[in-house]
Undergrad: 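First the structure, then my questions, so here it is.
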Amino acid sequence: MDIMSLAHTSWRCNYHIVFAPKYRRRLIYGELRTDIGKILRNLCERKGIEIVEANACVDHIHMLVKIPPKLSVSAFMGYLKGKSSLIIFERHAQLKYKYGNRKFWCKGYFVDTVGRNKKAIQEYIQQQMQEDMVEDQLTLFEEYDPFTGKKNKK
């Protein structure tokens, strides 16, 4: 069982979260994809959030995360999107001209609780990238997964 615990609480709170860049611009590839993955992983580590599975598609991000009950999903998403926007604009100054108001992400996001179908959602997130690549006929290969830091297989 993947039950976590805090001082006086046992919990298993898994969430499938999907969010996209403003106007669903197709920017999450190349050097930006790797950097966004590192930024999101770092911000999650700061809050004690475990990323179970994550994938950066062309125009949206899928994440399966474990969020402790002391932190609400909306507070976490506000933190994640707000801080990551600031860091992205700091590291990639050229994006300031496309996003005049310095907001990189769309206002909303999708979240779903994950219970017994965690495995199915994990597989969906893993397969989403291949489906997007077939659809867009992309042939990009990232040597390292920006979310896990592990080397990808060819």
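Throughout, numbering of the chain's residues begins at 1 and tracks the sequence. Bear in mind the structure is a predicted one, so any value in this text is a computation, not a measurement.
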Undergrad: Name the orientation class of the two ring planes belonging to His16 and Phe110 (parallel below 30°, tilted from 30 to 60°, perpendicular beyond 60°).
TA: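 The rings of His16 and Phe110 stand perpendicular, inter-plane angle above 60°.
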Undergrad: Roughly how far, to the nearest 0.5 Å, is CD1 of Ile67 from SG of Cys44?
TA: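 One gets 8.0 Å once the value is rounded to the nearest 0.5 Å.
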Undergrad: Given Asn14 and Val65, is the side-chain contact (heavy atoms from CB on, under 4.5 Å) satisfied, shown in steps?
TA: CA-CA 6 Å; Asn14 299 312; Val65 293; over 6 Å; no
Undergrad: Using side-chain heavy atoms (C-beta onward) and a distance below 4.5 Å, is Tyr109 in contact with Val18?
TA: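 No, side chains not in contact.
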Undergrad: Could you tell me if the side chain of Met63 sits less than 4.5 Å from the side chain of Phe19, heavy atoms only?
TA: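 Yes, their side chains come closer than 4.5 Å.
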Undergrad: Hey, does Val114 have a side-chain heavy atom less than 4.5 Å from the side chain of Cys13?
TA: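 Heavy-atom side-chain distance check fails, nothing below 4.5 Å.
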Undergrad: I'd like a table of donor-acceptor pairs (distance under 3.5 Å, sequence neighbours excluded) in which one partner is a side-chain atom from residues 69-81, with atom names and distances.
TA:
{"residue": "Ser72", "atom": "OG", "partner": "Ser74", "partner atom": "OG", "Å": "3.4"}
{"residue": "Ser72", "atom": "OG", "partner": "Ala75", "partner atom": "N", "Å": "3.0"}
{"residue": "Tyr79", "atom": "OH", "partner": "Leu43", "partner atom": "O", "Å": "3.4"}
{"residue": "Lys81", "atom": "NZ", "partner": "Cys106", "partner atom": "O", "Å": "2.7"}
{"residue": "Lys81", "atom": "NZ", "partner": "Lys107", "partner atom": "O", "Å": "3.1"}
{"residue": "Lys81", "atom": "NZ", "partner": "Gly108", "partner atom": "O", "Å": "2.9"}

Undergrad: Measure the spacing between NZ of Lys83 and CD1 of Ile88 and express it to the nearest 0.5 Å.
TA: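 Taking NZ in Lys83 and CD1 in Ile88, the distance rounds to 13.5 Å.
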Undergrad: First locate atom CG of Leu32, then atom CZ of Arg91, and finally report the distance between them rounded to the nearest 0.5 Å.
TA: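 So the CG of Leu32 and the CZ of Arg91 are separated by 11.0 Å.
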Undergrad: Assess whether side-chain contact (heavy atoms from CB on, under 4.5 Å) is satisfied between Val52 and Lys66, documenting all intermediate values.
TA: CA-CA 7 Å; Val52 177; Lys66 293 181 179 182; 3.8 Å; yes
Undergrad: Could you measure the distance from the CG atom of Leu64 to the CG atom of Asn55? Nearest 0.5 Å is fine.
TA: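 Going from CG on Leu64 over to CG on Asn55, the span is 12.0 Å.
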Undergrad: Give the C-alpha distance, both sets of side-chain angles, the deciding distance and a yes or no for side-chain contact (heavy atoms from CB on, under 4.5 Å) between Ser84 and Phe104.
TA: CA-CA 8 Å; Ser84 65; Phe104 185 79; over 6 Å; no
Undergrad: Taking only residues two or more places apart in sequence, or in another chain, which ones meet Glu45 in a salt bridge (charged side-chain N to carboxylate O under 4.0 Å, His left out)?
TA: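 With neighbours one apart ignored, the set is empty.
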Undergrad: Nearest 0.5 Å please: distance from the CG atom of Asp35 over to the CD1 atom of Ile87.
TA: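 That separation rounds to 9.0 Å.
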Undergrad: Roughly how far, to the nearest 0.5 Å, is OG1 of Thr113 from OH of Tyr15?
TA: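 Here the interatomic distance stands at 7.5 Å.
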Undergrad: Identify the two heavy atoms, one from Arg33 and one from Ala56, that lie closest to each other, and give their separation to 0.1 Å.
TA: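 Looking at all heavy atoms of both residues, the closest pair is NE-O, 3.3 Å.
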